[in-house]
Amino acid sequence: MKNDFILTLIHRPEMAPEYAQKLTQNGKKDELGDDALLDESLSIFLFQQECAHSRGLKTTIEMTYASLFNDTVVSLAKKHHELYGDEIALTLLGLPCPQFEEKYKTKDFCIWMFSDEDKKAIVDDCFALFKEKFGFYPASTGSYYLDAFTINYIKATYPSVTCAVATCFEEGVKAYHTTNNSWYTFMDGGPWAPWIPSKINSAMPAENEEEDSGIVAIPHLSRDPMACFDGNGSNFGTHPQNVLRGMIYKNNEIPYFYNLVDMFAHQAKYNDGHAYNMMFVGPGWLNKLGRWEAPYSLLKKSYEDALDYYGKLKKEGRLIDMTMEEYAAYYRKEHPDYKTPEVALWKDILYGSDKQYFWYYDPYLRCCLDFNQGGAMIDLRNYAAKLEIPVGIGTGNAYNASYPYMIQANYRAGYFTHYAGQGTLKSCQVKYKDEIVDLALERTMATYCKEGEDTVLTTDPFDVAFSDGTIKMQSRFIFKKGKGEIVFERIILDNPNQLEVEIEDYIVATYGKEEYSLDMTGITLGIEGSEPCQIDYLYKYRHIEGKDGVAYANVPQIQARLEVGGDGTRARIEEGIAFSPMFRLSAKKNIKEGRVSSWLKVKKAN
């Protein structure tokens with residue numbers, strides 16, 4: 001079986017480094033374009049390039065708008081392209097510089113936050129200046145985030161572009177709070193690994209050629225999809241200075257970084273022999289004054305150590321370095337099927353616990369299962385809704401590009417809640433008489449396999465204890481390729497006392513982008529079956545159970561529909577209250593042996 005582990009190493013020569021315009025320790029203000037600042041930025045960029053080349057690694061040089069005005073940097077980029085095969089690309093980061101501020105009269109710097117007309121003007125400026133300096137248009141571009149409007153405009157106007165840095169995984173509420181509510185980059189809900197963005201919404205993978213935006217997108221850094229989901233993602237990525245910011249080092253060594261790289265390499269086992277890693281560090285992170293609590297000597301050492309490790313893996317034949325343009329061609333060749341999912345079976349490499357997450361995305365949904373909670377679903381995004389989210393000045397949504405959740409156990413609580421109500425979760429309850437055991441309380445681990453085209457996760461056996469006996473059970477989660485459907489099998493392996501139990505697979509869901517509840521008015525809940533019914537959400541805590549059928553919820557606010565049903569199961573719907581503004585759908589069945597099979601389907605409403 002193929003076992004390719006790809007690295008894209010990106011350097012950007014920021015002549016006006018990110019965060020540089022600030023008061024320094026002695027009270028002197030750094031100015032964009034200051035000669036000393038330019039000299040320091042250039043020396044750091046040269047250090048980064050030498051680090052890579054001396055270890056046999058090629059880079060993608062993402063020229064910033066500011067750097068295009070510096071003839072020395074332009075000359076260096078040409079030279080390194082000729083000598084080492086580095087790609088010369090264009091990033092839409094690094095816009096602030098005297099020329100930009102004079103022309104656009106703004107301190108804004110995030111391309112997706114500008115008006116549509118300014119987005120086009122800025123893109124045209126950057127691409128025209130790039131063409132003037134290098135004689136060709138770039139094949140790669142990027143930003144922290146690129147919205148669908150900007151990607152579509154770039155591809156239509158500059159068809160040479162085949163690859164772009166397009167999102168920063170789970171950058172949103174948690175990162176915002178960690179920066180004292182000052183870093184307005186909200187982009188939760190997108191992929192953690194490469195994908196082909198949809199023309200409709202760049203956070204969603206394209207479903208077919210018609211939706212294909214024409215580029216391959218890569219994330220801004222490869223982030224730890226466990227630590228990043230649970231905490232601030234800016235501390236947990238393949239960026240050695242981020243690791244220092246998270247204080248995840250000891251005696252000036254960064255073993256967590258190596259474990260993170262290894263865990264990404266391991267994902268090839270679950271993705272048809274392909275794994276991807278991206279590292280992207282601008283000069284500002286290697287500030288000569290130091291950064292965070294780390295002195296320059298440690299910033300420098302951590303960067304050298306990181307590239308030492310990549311260089312070692314390449315020499316051992318365990319890593320292939322590719323430029324962005326090369327990787328886009330590789331991805332297109334190796335991923336001809338739009339509907340093939342990307343998955344990550346991820347272990348805790350930060351604290352060394354037995355915690356295990358399983359991440360999944362395809363053109364229909366993105367979700368996360370937590371096997372420390374028996375395989376409970378702790379995150380769900382309905383891509384099948386094909387939600388358009390215009391972002392930028394003039395759209396009515398200046399900055400929040402997040403794709404809305406229907407389950408988000410950190411923002412809207414999971415199994416463990418305060419006082420009353422249930423948090424968002426997809427789990428299962430096993431009931432015997434008056435006793436109830438929620439499988440979210442059953443710690444287990446899971447193994448991965450493929451059954452035909454479907455992706456299957458199977459838990460280790462676990463015990464469900466009641467006063468009259470203990471039942472040994474197992475769960476299986478079957479992701480149906482190309483259907484927006486997950487099947488949940490709850491299997492009784494051993495029931496020595498022949499207890500008859502009710503197994504109820506349920507989902508508690510809502511919608512939103514942040515922690516706060518939104519208006520649930522307009523949502524409808526219903527059952528399709530021999531006794532159909534439907535109710536409008538009125539916060540009255542109504543619940544209805546049918547003797548058969550499918551439970552559903554339509555959420556027009558995000559154009560989403562959820563359905564829950566099963567083989568011979570009874571359907572149930574439950575409305576929430578103002579203090580717990582969720583809804584609950586479930587499928588239940590009584591058994592003593594065998595298995596109960598139910599499913600969750602995500603669709604577009606109406």
Side-chain angles (χ1 to χ4, degrees), residues 113 145 147 170-177 181 184-190 200-201 203-204 229 365-368 377-392 395-426 506-526 534-543 551-564 573-585 600 602-606:
M113 295 185 188
Y145 177 78
D147 60 308
E170 299 308 89
E171 180 120 351
V173 173
K174 293 184 291 292
Y176 178 65
H177 291 330
N181 298 355
Y184 283 82
T185 53
F186 287 69
M187 54 196 76
D188 276 352
I200 301 166
N201 186 317
M204 308 182 319
F229 182 77
L365 63 93
R366 193 201 82 171
C367 71
C368 180
M377 186 182 293
I378 58 174
D379 185 274
L380 174 65
R381 319 281 169 147
N382 184 340
Y383 290 159
K386 299 186 185 298
L387 194 63
E388 294 186 56
I389 306 178
V391 61
T395 67
N397 175 37
Y399 64 88
N400 195 335
S402 293
Y403 197 94
Y405 58 76
M406 303 198 77
I407 293 175
Q408 221 292 352
N410 290 324
Y411 296 165
R412 299 296 295 278
Y415 180 77
F416 301 97
T417 58
H418 175 71
Y419 179 61
Q422 292 175 292
T424 56
L425 199 72
K426 170 73 181 76
Y506 69 88
I507 182 171
V508 177
T510 184
Y511 76 100
K513 294 183 179 182
E514 299 158 17
E515 307 107 316
Y516 307 110
S517 64
L518 300 173
D519 189 7
M520 304 289 278
T521 305
I523 293 174
T524 56
L525 308 176
Q534 179 172 293
I535 60 173
D536 295 326
Y537 197 106
L538 297 174
Y539 298 93
K540 292 186 175 181
Y541 194 55
R542 291 168 292 174
H543 38 88
Y552 66 85
N554 288 320
V555 186
Q557 292 90 335
I558 58 169
Q559 303 170 34
R561 179 180 173 93
L562 296 180
E563 295 180 354
V564 172
I573 59 173
E574 183 178 301
E575 179 186 30
I577 58 176
F579 190 82
S580 182
M582 321 289 181
F583 58 82
R584 190 176 192 270
L585 313 175
L600 170 68
V602 296
K603 297 181 177 180
K604 188 175 183 65
N606 302 320

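Just so you know, residue 1 is the first one in the sequence shown, and it goes up from there.
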**Student:** So does Tyr539 have more than 12 non-hydrogen atoms from other groups sitting under 6.0 Å from OH?
**Tutor:**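 Yes, OH of Tyr539 has more than 12 neighbouring heavy atoms, counting only those of other groups under 6.0 Å.
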
**Student:** Of Asp147, Ile389, Val391, which is the lone residue that meets side-chain contact (heavy atoms from CB on, under 4.5 Å) with Asn201?
**Tutor:**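 Result for side-chain contact (heavy atoms from CB on, under 4.5 Å) with Asn201: Ile389.
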
**Student:** Nearest 0.5 Å please: distance from the OG1 atom of Thr417 over to the CZ atom of Phe579.
**Tutor:**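 It comes to 9.0 Å.
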
**Student:** Within the distance-only criterion (no hydrogens, no angle test), does the side chain of Gln557 pair as donor or acceptor with the backbone N or O of Thr521 below 3.5 angstrom?
**Tutor:**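 Yes, Gln557 side chain to Thr521 backbone: donor-acceptor pair under 3.5 Å.
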
**Student:** Answer yes or no: is there a donor N or O on one side and an acceptor on the other, between the side chain of Tyr405 and the main chain of Thr510, under 3.5 Å?
**Tutor:**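 Side chain of Tyr405 to backbone of Thr510, a donor-acceptor pair under 3.5 Å: no, none is there.
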
**Student:** Is Lys513 positioned over the aromatic face of Tyr411, cation under 6.0 angstrom from the ring centre and no more than 45 degrees off axis?
**Tutor:**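 No, Lys513 does not sit over the ring of Tyr411.
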
**Student:** If we count only N and O atoms by modelled type, under 3.5 Å, do the side chains of Asn397 and Thr395 hold a donor and an acceptor together?
**Tutor:**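 Checked: Asn397/Thr395 side chains show no N/O donor-acceptor pair below 3.5 Å.
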
**Student:** Return yes if some donor-acceptor pair links the side-chain N/O of Thr424 with the main-chain N/O of Ala413 below 3.5 Å, else return no.
**Tutor:**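 Flag set: sc Thr424 to bb Ala413 pair under 3.5 Å.
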
**Student:** In this structure, are over 12 heavy atoms from other groups packed under 6.0 Å from Asp519 atom CG?
**Tutor:**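 Counting other residues, nucleotides and ligands, CG of Asp519 exceeds 12 neighbours.
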
**Student:** Indicate whether the side chain of Gln408 and that of Asp188 have a donor and an acceptor atom separated by less than 3.5 Å.
**Tutor:**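 No pair is found: no donor N or O on one side chain lies under 3.5 Å from an acceptor on the other.
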
**Student:** What pairs with Tyr415 under side chain to side chain donor-acceptor pair (under 3.5 Å), at least two apart in sequence or on another chain?
**Tutor:**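 Testing Tyr415 for side chain to side chain donor-acceptor pair (under 3.5 Å), a comparison that skips the adjacent residues, returns none.
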
**Student:** With side chains defined as the heavy atoms from C-beta onward, is the minimum distance between Glu514 and Tyr176 less than 4.5 Å?
**Tutor:**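 Of all side-chain heavy-atom pairs linking Tyr176 with Glu514, none is under 4.5 Å.
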
**Student:** Are Ser517 and Arg412 side-chain neighbours, meaning at least one heavy-atom pair lies under 4.5 Å?
**Tutor:**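 Yes, side chains in contact.
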
**Student:** Backbone N or O of Gly190 within a donor-acceptor pair of the Arg366 side chain at under 3.5 Å?
**Tutor:**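 Yes, Arg366 side chain to Gly190 backbone: donor-acceptor pair under 3.5 Å.
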
**Student:** Is the backbone N or O of Gly576 less than 3.5 Å from a side-chain atom of Tyr537, with the two atoms forming a donor-acceptor pair by type?
**Tutor:**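 Side chain of Tyr537 to backbone of Gly576, a donor-acceptor pair under 3.5 Å: yes, one is there.
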
**Student:** Counting N and O atoms only, with roles assigned by atom type, does the side chain of Glu575 sit under 3.5 Å from a partner on the main chain of Arg542, one being a donor and the other an acceptor?
**Tutor:**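 Side chain of Glu575 to backbone of Arg542, a donor-acceptor pair under 3.5 Å: yes, one is there.
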
**Student:** If I take atom CG from residue Leu562 and atom NZ from residue Lys426, how far apart are they, to the nearest 0.5 angstrom?
**Tutor:**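 Leu562 CG to Lys426 NZ: 11.0 Å, rounded to 0.5 Å.
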
**Student:** Do Ile558 and Asn382 come within less than 4.5 Å of each other through their side chains, counting heavy atoms only?
**Tutor:**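 No, every pair of side-chain atoms sits at 4.5 Å or beyond.
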
**Student:** Can you name the residues that form a side chain to side chain donor-acceptor pair (under 3.5 Å) with Glu563, not counting sequence neighbours?
**Tutor:**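 Partners of Glu563 by the side chain to side chain donor-acceptor pair (under 3.5 Å) criterion, ordered by chain and then number, come out as Arg561, Lys603.
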
**Student:** How long is the span from the OG atom in Ser580 to the CD atom in Glu574, to the nearest 0.5 Å?
**Tutor:**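 Ser580 OG to Glu574 CD: 8.5 Å, rounded to 0.5 Å.
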
**Student:** Measuring from atom CE of Met187 to atom CD of Glu171, what distance do you get when rounded to the nearest 0.5 angstrom?
**Tutor:**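 Reported to 0.5 Å precision, the distance equals 5.5 Å.
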
